Protein chains: 2
Amino acid sequence: MNNKQTATVRSKSDEATAANRREQILEAAVIVFAEHGYYRATTAQVAEKVGISQPYIFKLFRNKEELFVAALERAFERIIRTFKAIVAPADQLLAETIRSYEQLMETHPNEILLQVQALGIRDQPILQTMQNGMLAVTDLVKSKFVDAGIRNPEVEVSTFMANGMLCNIAMALGMPDLKPKHA
Amino acid sequence: MNNKQTATVRSKSDEATAANRREQILEAAVIVFAEHGYYRATTAQVAEKVGISQPYIFKLFRNKEELFVAALERAFERIIRTFKAIVAPADQLLAETIRSYEQLMETHPNEILLQVQALGIRDQPILQTMQNGMLAVTDLVKSKFVDAGIRNPEVEVSTFMANGMLCNIAMALGMPDLKPKHA
DNA sequence: CAAGAGAGTGATTGATCAATAACCTATTCC
DNA sequence: GGAATAGGTTATTGATCAATCACTCTCTTG
């Protein structure tokens, strides 16, 4: 058995397929863009992190902008997935949502920083991705709050988003004291 | 009288002194940096707005980074000045502070956008300026709340900052619906 | 085994920009 | 009148980078 390989055992996820390379590039892109921002990050830095040549990135992504958009979408997808997975009684839903987000910030800080980086970008496709992402998150949380029968869902969602943003900014600026204080 | 001038009457503020030029450049820099971000904005764009040559900027500012820092400091100074000027009874202080900030966002949107642009920048002097600015604003508002005898000043300030940030982001992303909803 | 597809690279290019160098022009004032 | 001084300009340079081009290498398969 397993006679296709001689020395190394190669699992599906480290086979050098275009699809796997795309994933690796995206993962590296999140880190590099989060660290340096869209305009200062270079495709060469992303390539180096993956261990491929810089031009190869352009075989899998049309251009730098598309790479950034794909990375940003990946970040929003994780947030959406995380919030969708929350199950909690009405009186604990808000606390549980906050806890989930705090955990996400610990496990995937670069995806959060990527969004902070994207806040200032005026490039239309990137701006559109940000708007779609923010709207999707807001709507999802709101529907969860509504379904749970929480009073004033609009206000609660807004407050949640505001505190989340302050949290993001506190992290981006390295100012832990700026983090939201709860009563 | 006024025999120093023949045709045009030149007031002190449009005399071509280095100090006046510095001010004009700073004003243009706020706009250009707010619109395009630190890395994408060019010194040539700033120069064009002022109506001077690009190299002349470097006679008045050591480099691009120093220009950005000066523009950012100017933005924070206005916020501080605005908040310092507020006088209101305890039961109206929060509402009045919010109103002041909303007005500032209307009169000087570019100074707010500049700060959003600065959120992602990792350059040490710029980051330091952001940290100092955010801390100064937070401390000032807190001392106002404390002096007015507001309960839970820490929490109130934090909530105010969070909503302010959400407001900034709503503007930056062109998403008016994202603006904070108050109960 | 030839032909093609898939994965990947090295070399280069064309733009873009911050920053410098060298120079210009008017005014002041000894 | 000549020498600072202040306020500017033109031309240039040296880096940096996204993106393209022209290849190579290695399977697979009819």
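In what follows, chains carry the letters A, B, and so on, assigned in the order in which the sequence lines appear, proteins first and then strands, with residues in each chain numbered from 1. Every value quoted in this text rests on a predicted model; they were computed, and no experiment measured them.
- One interatomic measurement links the two molecules: CD1 of B/I57 to C1' of D/dG7, which rounds to 15 Å at whole-angstrom precision.
- Between the C1' atom of D/dT16 and the CD atom of A/Q45 lies a distance of 11 Å, rounded to the nearest Å.
- Atom CG of A/D123 is separated from atom C1' of D/dA18 by 14 Å (rounded to the nearest Å).
- When the side chains of ILVMFWY residues are joined at heavy-atom separations under 4.5 Å, either directly or via intervening members, A/I80 and A/L135 end up in a single hydrophobic cluster.
- Look at B/T42 and you won't find any side-chain N or O under 4.0 angstrom from OP1 or OP2 of C/dC17.
- Put simply, CD on B/Q117 and NE2 on B/H36 are 9.5 Å apart, with the number rounded to the nearest 0.5 Å.
- Within the 4.0 angstrom heavy-atom criterion, no nucleotide atom of any strand lies near A/A47.
- A pairwise comparison of heavy atoms in A/K64 and A/F58 identifies N-CE2, 4.1 Å as the closest pair.
- Ring geometry for A/F33 against A/F68 counts as perpendicular: the plane angle is over 60°, on a 0 to 90° scale with 30° as the lower cut.
- Between A/R99 and A/E96 there is a salt bridge, since a side-chain N of the basic residue sits under 4.0 Å from a carboxylate O of the acidic one.
- A side-chain donor from one of A/Q128 and A/N132 sits under 3.5 Å from a side-chain acceptor of the other.
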Sugar-phosphate or base contact per nucleotide [nucleotides 8-15 of chain D; S, B, -; heavy atom under 4.0 Å]: BBBB----
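- For residues 90-125 of chain A, the set of pairs meeting the ring pair (Phe, Tyr, Trp, His ring centres under 6.0 Å) definition, not counting sequence neighbours, is empty.
- Rounded to an integer number of Å, the gap from A/R22 CZ to C/dG8 P is 14 Å.
- Backbone-only contact: A/A41 has heavy atoms under 4.0 Å from sugar-phosphate atoms and none from a base.
- Between the CD1 atom of B/I25 and the P atom of D/dG7 there is a distance of 12 Å, given to the nearest Å.
- A heavy-atom distance below 4.0 Å to DNA chain D is reached by these residues of residues 63-74 of chain A, ordered by number: A/N63, A/K64.
- At least one donor-acceptor pair closer than 3.5 Å links the side chain of B/T159 to the backbone N or O of B/V155.
- Whole-Å rounding puts the B/L60 CG to D/dG7 C1' distance at 9 Å.
- A donor-acceptor pair is defined here as one N or O able to donate and one able to accept, closer than 3.5 Å; such a pair exists between the side chain of A/Q131 and the backbone of B/L173.
- Counting to the nearest Å, the C1' atom of C/dA18 and the CZ atom of B/R40 are 17 Å from each other.
- Per the geometry, NE2 belonging to A/H36 stands 14 Å off P belonging to D/dT16, to the nearest Å.
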